[in-house]
Amino acid sequence: MSDKKVRVRFAPSPTGGLHLGGVRTVLFNYLFAKKNGGDFVLRIEDTDQSRYVEGAEQYILDCLEWCGLTPDESPVAGGPFAPYRQSERKSLYREYAEKLVREGHAYYAFDTTEELEQNRKEIPNFQYGQAYRNSLRNSLSLKEHEVDLLLDAHTPHVIRIKMPADERVSFNDMIRGHVSFETNQVDDKVLLKADGMPTYHLAVVVDDYLMKITHAFRGEEWLPSAPVHLLLWEYLGWKAEMPQWAHLPLILKPDGHGKLSKRDGARLGFPVYAMNWFDAKTGELTPGFRELGFLPEAFLNLLATLGWNDGTDQEIFSLDELVEKFSLDRVSKAGAKFDFEKAKWFNAEWIKKSEAGSLKSEVKRILGDKGVIVTNDDYLLQVIDKVKDRCVLLPDFYHQSAYFFEQPKEYDVNSVKAKWTDAKTEFFNAFINTIKTTETFEPVELEAAFKALAEEKAIKAGELMLPFRIMLVGGKFGPHVFDIAVLLGKDETIRRIEKALVVFGS
RNA sequence: GGCCCGUUCGUCUAGGGGUUAGGACGUUAGAUUUUCAUUCUAGAAACAGGGGUUCGAUUCCCCUACGGGCUACCA
């Protein structure tokens, strides 16, 4: 086992957008694989055609790309174990199911959905298993020739696993340690559906075996069906090659109770999906972290620390650091409530930490979308450096930097008008002159000149700073006002003072 | 209901038989910023309960409570 090359897989079903928890599962898979020099496989589990959603697979691929968690093998990249879509592997599952039937570990069941529903309604705690299987219509209860007749007539049927009586199935989970189940408590899960498609239970075992998966990560919600999978590995004769399991803790709703769901995002006002997801059928748009203005680094960072830490006080990790430091025995067992406030903090930290250059194209796009055209990239870089500490989400760059590129459309006149005097108008006219006549244009000197002039005119500098800011910015925010003026340049600063004077004076 | 998993500040967590139970987010108060944000300083804030084991349990064991998951021809 130990000398085998590590191979992990992320196996989503393409039924919609990719959930936070899903991305975290990808991340842990990826980290574990890269840490151990292994391969990361993407397998699409599209065995339920009724839930298949057009575009969902592409969306998953796009998500992985945005996050920088590129699979080594996938439906598009291919690989030695192709195909990587279960729908394209359909023909291969039946033989394993039939083999199990032949060897007495599975059986044909002819009950209709309606009949089973009826049973579930009428019999308390009904389970298709030990207690009831003999009174239902299957190859265990029916006579052999009756079964043959039904089969020959192509009667719709499924293949179910036959759970053994009075056994205890146990295994060692990489996260939770020893876990065990009574086989009597587990029902006879369907392995092969009437349409010939395998269920998850069969497909995951067959494909993990065929694709030589060594470590299987999945959400804790799969724990109850683990005994079925374990038994399948055994019955199929592959027990020695069974991957090691790791059942990840769930991501919970921040308020109330239960797993975090798509609905909670809408209800609480934060994204649950990695990227925007548009459902063509309902016309519904589910917002994503990317579009809200999260950096992929921040997104990964916050996901990683939801249920994992490196044992130190460090909280900010790059993907490379995560690969280096990740360890399964530092993953917690308990579910974690998602905290959007902390998520935003991670993003703010990453924006502060990022070089202006790496933020440039995103900021340019955000400004462009709002009609602010950037022509000078060097200037943009300087602006980003000046304002990035005040941005939490990427779109904040619009509010924080648009005034560097265009004159304020509106002024916070309420903050200046009440105290406006002719003396102030006079001051600013004189200040325009000062600017025109100074040779250099640099923050410290400009501030000194401003204050000197204020003293000369017998006005408190403090009374003039805010008006000056509002002339340049339009509101009460932004970096140091003299920094802004210098970045804007002499001519533009003068233009803005002149324009604002008209507004303030009227 | 049954089965399985879990339980340290409001939240994410560190710790682990003897600690002033640590950090972070958020929050409160102050400083800096003649704007706002950043930053800095300080504060409030937790071992679910009951039994054991032990000289000593938050830490180990059991029970209870609570929380969560599963209980489909969905994954």
Side-chain angles (χ1 to χ4, degrees), chain A residues 11-15 45-48 50-51 86 109 111-113 116-117 120 124-128 156-160 173 175-177 179-182 184-187 189-201 203-204 218-227 247 249-250 252-255 257-259 302 305-316 330 332-346 348-349 352 387-392 396 399-400 412 415 451 460-470 473 475-481 484:
Chain A
S13 54
T15 53
E45 308 222 337
D46 54 351
T47 54
D48 183 359
S50 69
R51 293 216 308 159
Q86 289 182 332
D111 320 85
T112 64
T113 317
L116 294 177
E117 250 165 47
R120 274 189 268 269
N125 295 335
F126 172 81
Q127 261 198 169
Y128 206 122
H157 64 276
V158 301
I159 292 179
R160 286 180 181 271
D173 187 275
I175 293 172
R176 346 194 69 84
V179 183
S180 80
F181 303 84
E182 254 0 284
N184 293 351
Q185 302 288 345
V186 185
D187 61 338
K189 293 269 185 250
V190 170
L191 265 21
L192 201 75
K193 300 186 251 187
D195 65 2
M197 277 287 194
T199 59
Y200 171 81
H201 306 295
V204 74
R218 51 170 28 165
E220 194 187 347
E221 72 268 26
W222 288 108
L223 208 44
S225 53
H247 290 89
L250 266 15
L252 277 12
K253 300 176 200 291
D255 65 341
H257 312 290
K259 274 199 286 191
L302 74 92
T305 52
L306 212 50
W308 173 86
N309 69 82
D310 76 338
T312 73
D313 286 343
Q314 183 175 350
E315 297 207 77
I316 303 298
R330 295 209 62 91
S332 47
K333 297 181 176 71
K337 288 183 183 162
F338 179 67
D339 181 359
F340 189 52
E341 290 307 316
K342 184 125 190 189
K344 284 192 290 192
W345 174 78
F346 274 109
E349 289 298 308
K352 278 188 283 187
V387 306
K388 66 179 182 166
D389 284 7
R390 356 174 66 85
C391 296
V392 173
D396 293 345
H399 179 244
Q400 293 294 344
D412 180 1
S415 299
K451 284 179 174 169
K460 275 188 235 152
E463 300 245 328
L464 297 162
M465 299 275 271
L466 187 63
F468 188 32
R469 165 177 300 281
I470 291 175
V473 176
K476 290 192 278 188
F477 62 93
H480 290 296
V481 68
I484 297 172

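Within every chain, numbering begins at 1; the chains are lettered A, B, ... in the order of the sequence lines, protein sequences first and strands thereafter.
At least one donor-acceptor pair under 3.5 Å links the side chain of R469(A) to the backbone N or O of P479(A).
Checking the phosphate oxygens (OP1, OP2) of U33(B), no side-chain nitrogen or oxygen of R469(A) falls inside 4.0 Å. Side-chain N/O atoms of T305(A) include none lying less than 4.0 angstrom from OP1 or OP2 on A24(B). For S415(A), no side-chain nitrogen or oxygen approaches OP1 or OP2 of U35(B) to under 4.0 Å. An OP1 or OP2 oxygen of G10(B) is reached within less than 4.0 angstrom by no side-chain nitrogen or oxygen of K337(A).
Candidate nucleotides A75(B), C70(B), C5(B) were compared by shortest atom distance to the side chain of E45(A), and A75(B) ranks first.
Checked for salt-bridge contact, R120(A) and E117(A) miss the test: no charged N lies under 4.0 Å from a carboxylate O. The pair D339(A)-K342(A) does not count as a salt bridge, with every side-chain nitrogen at least 4.0 angstrom from each carboxylate oxygen.
Going from the P atom of U28(B) to that of C63(B) covers 44 Å, rounded to whole Å. Using C1' as the reference atom, U34(B) and U19(B) are 47 Å apart when rounded to the nearest Å.
In this structure, U58(B) makes no Watson-Crick or G-U wobble pair, since no nucleotide meets both defining distances under 3.5 angstrom. Across every strand in view, C70(B) sits in a pair with G2(B) that passes the Watson-Crick or G-U test at under 3.5 angstrom. Partner assigned to A48(B) is U64(B), using Watson-Crick or G-U wobble distances below 3.5 angstrom. The partner of A42(B) is U28(B), by the rule that a Watson-Crick or G-U pair needs both atom distances under 3.5 Å.
Counting non-hydrogen atoms under 4.0 angstrom, H480(A) reaches a base of the nucleic acid. Residue contacts for K259(A): at a heavy-atom cut-off of 4.0 Å it reaches the sugar-phosphate backbone alone, with no base atom in range. Residue contacts shown for A334(A) are limited to sugar-phosphate atoms, with no base heavy atom under 4.0 Å away.
In the interface, the side chain of K342(A) is paired with the base of A24(B) through a donor and an acceptor atom under 3.5 Å apart.
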Are Q314(A) and I316(A) close enough, and set up right, to give a side-chain contact (heavy atoms from CB on, under 4.5 Å), and what steps lead you there?
-> CA-CA 6 Å; Q314(A) 183 175 350; I316(A) 303 298; 5.5 Å; no
